[in-house]
Visitor: 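One structure follows; several queries about it will come next.
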2 protein chains.
Amino acid sequence: MGGENERLAAADDPVARVDALRPAQLDRTLGFLISMARQFIHRGFVQRFAEVDLTPNLYSILALLEANGACRLSDIGAALGILQTNLVKRVDELVERGFVTRQADPVDRRAKALVLTPAGRDFLVRLHAIHDEWEAMLVQRLGTDDHQLLLALLQKLLFGERLDGEPDHPPALLDED
Amino acid sequence: MGGENERLAAADDPVARVDALRPAQLDRTLGFLISMARQFIHRGFVQRFAEVDLTPNLYSILALLEANGACRLSDIGAALGILQTNLVKRVDELVERGFVTRQADPVDRRAKALVLTPAGRDFLVRLHAIHDEWEAMLVQRLGTDDHQLLLALLQKLLFGERLDGEPDHPPALLDED
DNA sequence: TATTGTTATACTCTATAACTATA
DNA sequence: TATAGTTATAGAGTATAACAATA
C-alpha cells in the first residue's frame, strides 16, 4: 500500500553520492562541498540529539553559556552568527524547560543576563556525551591528522588564520598570505 | 525613529567572530566550524544570486541539468541529497520561469525527463559567472594550495577518499585509513 | 509490491521591519 | 540617537505521511 514513502539514507551513510549523475563541476567547488558536508554532519547531530528532544543549535547556546557564565542575548548572537531576533524564542524554550534563567543585568537595565540553571548544567553532561560520540565518528572517518588539518583550514577560512596555534603540525600550508 | 533594526554583517565580512565570548570548545569541533563556514559561504552566494532572483540551491539544480542532459527528479535528489518531495516546487518554479521543461520519459511512463531550455542554458552563463566570482573570493582568502587541500579533505569526509586524484599535491596526509 | 512524481503539512532556520525601554 | 530585547511575519530548507499512475 502507499504508506511511508521516502526515508532518509540509512543512518550514518556518507550522504548521497554524486555518482548517478555527472556532478557538473560542483564537486570541485567549496560552495557545494561545504554544503554537502554540513548536511551530512548536521543530520548526524540531529538524529542523535533527537533522543533528548534538542536541536544542535540549542546545544551550542547551552555550551556557550556553560563556558561563559552570564551572557547577554547579543553576545550569543554575535558568537554564533545568529540574529538576536531569532534567538528570543529559542531562549524562551530553554527557559521553559528549566535549563536557563533570565536575570536582571545589574549594569544595564535594558539587558538581561542569561545564566544556566543547575538542571541545565546537569543536562549538558549528557549533551556533551552525545556530541562527542558523533564528533568521534567523524574523526574516525578522516583520521586524526586530517581532522586537525580540516579544523585549521576552516578556521583560516573563517577567521583569517588559526585562532590558537598547535605548532606540532605542518605549518607550511597555513601561513601563506 | 525606530526603523530598520538589525542588519547583516557588512557584505563579505568574515562572519561573526567567536571573540566576545569564550567559544567553549566549539571552535575545536567539526560540527561548529563546518556550520559557521557553510553559513559564511552560503550568505555570500545568496547575496550575489539575489541579483538574478535565484537561490544557490536552484543554481545547483540547473548546473546538474546542464552537465547531464535529461534527468529525472529522483536523480537530482540523489545527487544533491534533497528529498524528491522537496524538489517538486523548486522545479515548478524553474519551469514557470522558462528554464526547464518536463518531458515524457520514453522508457518509463511514470517518470518525467527534466531538460534545460535554451533560455535556461543562456541563463547559466550568467549564473556561472556569479558563482565563479564568489568562489574566487574564497580561494583568495585561503590561498590556492589550502583551497585545494580543503576540497580534498571535504571529499574524503563525504566520499571516503578523493574522487579524482590530482597527484601533484602532498598525498601523505590523505591516504591514512 | 515497489517506484515516480505529487500534495499536504509541520518544523527549523533565516531575514526584515517595527515597537519598548532604556542608554 | 543608538542599543537590548522583543514581536510579527515571510521565506528558505527539511522532514513525514499518504495518494495516483505505473512498473
Side-chain angles (χ1 to χ4, degrees), chain A residues 1-9 15-16 35-36 38-40 42-47 49-50 53-61 70-78 80-93 95 102-114, chain B residues 1-9 15-16 20 35-36 38-40 42-43 45-47 49-50 53-61 70-78 80-93 95 102-114:
Chain A
M1 67 187 66
E4 47 190 83
N5 196 355
E6 241 179 325
R7 278 296 171 80
L8 259 191
V15 178
S35 186
M36 294 295 281
R38 183 263 176 186
Q39 199 179 43
F40 171 46
H42 189 252
R43 283 204 250 240
F45 278 121
V46 167
Q47 289 175 7
F49 278 120
D53 191 28
L54 209 74
T55 219
N57 201 305
L58 291 181
Y59 166 66
S60 62
I61 295 175
C71 291
R72 301 191 303 176
L73 210 55
S74 51
D75 295 331
I76 296 185
L80 297 179
I82 302 173
L83 296 171
Q84 272 186 44
T85 189
N86 291 326
L87 278 173
V88 178
K89 280 197 236 176
R90 296 175 212 188
V91 171
D92 281 348
E93 181 185 335
V95 169
R102 278 190 248 242
Q103 303 180 3
D105 186 312
V107 195
D108 187 337
R109 278 162 57 198
R110 294 173 300 181
K112 293 167 188 174
L114 304 177
Chain B
M1 64 190 67
E4 45 192 84
N5 196 353
E6 241 180 322
R7 277 297 171 80
L8 259 192
V15 178
S35 186
M36 295 295 281
R38 183 264 175 186
Q39 198 180 45
F40 171 46
H42 188 252
R43 278 183 191 156
F45 277 121
V46 167
Q47 289 176 6
F49 277 120
D53 191 28
L54 208 76
T55 220
N57 201 308
L58 292 182
Y59 166 66
S60 62
I61 296 175
C71 291
R72 300 190 305 178
L73 211 57
S74 52
D75 295 331
I76 295 185
L80 297 180
I82 302 174
L83 295 172
Q84 272 184 46
T85 189
N86 291 327
L87 279 173
V88 178
K89 281 197 235 174
R90 296 176 213 189
V91 171
D92 281 347
E93 180 184 338
V95 169
R102 279 189 246 242
Q103 303 181 1
D105 186 311
V107 195
D108 188 335
R109 280 163 55 199
R110 292 172 302 183
K112 293 166 187 175
L114 304 177

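Everything numeric in this text was worked out from a predicted model, so none of it was measured. Side-chain atoms are counted along with the backbone in the values below, which use heavy atoms only and exclude waters and symmetry mates. Chain letters run A, B, ... following the sequence lines, proteins first, then strands; residues in each count from 1.
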Visitor: Which heavy-atom pair separates B/Phe45 from B/Pro56 by the least distance, and what is that distance?
Guide: CB-CG, 3.8 Å
Visitor: B/Asn57 or A/Leu114: which one's nearest nucleotide on DNA chain D is closer to the 5' end?
Guide: A/Leu114
Visitor: Tell me whether the side-chain N/O atoms of A/Arg72 come closer than 4.0 Å to OP1 or OP2 in D/dT6.
Guide: no
Visitor: Mind calculating the distance between CG (A/Asp105) and P (D/dT6) to the nearest angstrom?
Guide: 13 Å
Visitor: In whole angstroms, how far is the P atom of C/dC13 from the CZ atom of A/Phe49?
Guide: 12 Å
Visitor: Which nucleotide, D/dG5, C/dA15, C/dG5, lies nearest any side-chain atom of A/Ser74?
Guide: D/dG5
Visitor: Which is more 5' along DNA chain D, the nucleotide nearest A/Val88 or the one nearest B/Thr55? Just name the residue.
Guide: A/Val88
Visitor: Hey, is the main chain of B/Arg72 close enough, under 3.5 Å, to the side chain of B/Asp75 for a donor-acceptor pair?
Guide: yes
Visitor: Please report the distance, rounded to the nearest Å, between CD in A/Glu93 and P in C/dT12.
Guide: 7 Å
Visitor: Could you check whether A/Arg38 gets within reach of a base, just the sugar-phosphate, or nothing at all, counting any heavy atom under 4.0 Å?
Guide: nothing
Visitor: Nearest-Å distance, CG (B/Asp75) to C1' (C/dT4)?
Guide: 11 Å
Visitor: Measure across A/Gln84 and A/Ser74 and return the closest heavy-atom pair with its distance rounded to 0.1 Å.
Guide: NE2-CB, 3.3 Å
Visitor: Record whether the side chain of B/Thr85 comes under 3.5 Å of the base of C/dT7 through a donor-acceptor pair of N or O atoms.
Guide: yes
Visitor: Using a cut-off of less than 4.0 Å, is there contact between a side-chain N or O of A/Lys89 and OP1 or OP2 of C/dT12?
Guide: no
Visitor: Got a sec, which residues hit side-chain hydrogen bond (donor to acceptor under 3.5 Å, both in side chains) with A/Asp105, two or more places apart in sequence or on another chain?
Guide: none
Visitor: Rounded to whole angstroms, how far apart are CZ on B/Phe40 and P on C/dT14?
Guide: 16 Å
Visitor: Rounded to the nearest 0.5 Å, how far does CZ of B/Arg90 lie from CG of B/Leu58?
Guide: 7.0 Å
Visitor: Verify the contact: side-chain N or O of B/Gln84 to OP1 or OP2 of C/dT6, cut-off strictly under 4.0 Å; return yes or no.
Guide: no
Visitor: Would A/Asn57 and A/Ile82 count as a side-chain contact (heavy atoms from CB on, under 4.5 Å) here? Give the steps.
Guide: CA-CA 10 Å; A/Asn57 201 305; A/Ile82 302 173; 3.5 Å; yes
Visitor: Whole angstroms only, please: what is the CG-P distance between A/Leu87 and C/dA15?
Guide: 12 Å
Visitor: Considering only nitrogen or oxygen atoms on both sides, find all protein atoms under 3.5 Å from nucleotides 21-23 of chain D and state each distance.
Guide:
| from | atom 1 | to | atom 2 | distance (Å) |
| --- | --- | --- | --- | --- |
| D/dA23 | OP1 | B/Arg109 | N | 2.8 |

Visitor: So for B/Asn86 and D/dA15, does any side-chain atom that can act as donor or acceptor lie under 3.5 Å from a complementary atom in the base?
Guide: yes
Visitor: Distance check needed: D/dA4 C1' versus A/Gln103 CD, whole Å only.
Guide: 17 Å
Visitor: In this structure, which one of A/Ile61, A/Leu114, A/Leu80 forms a side-chain contact (heavy atoms from CB on, under 4.5 Å) with A/Leu87?
Guide: A/Ile61
Visitor: Give the rounded distance in Å between these two atoms: NE2 of B/His42 and C1' of D/dG13.
Guide: 9 Å
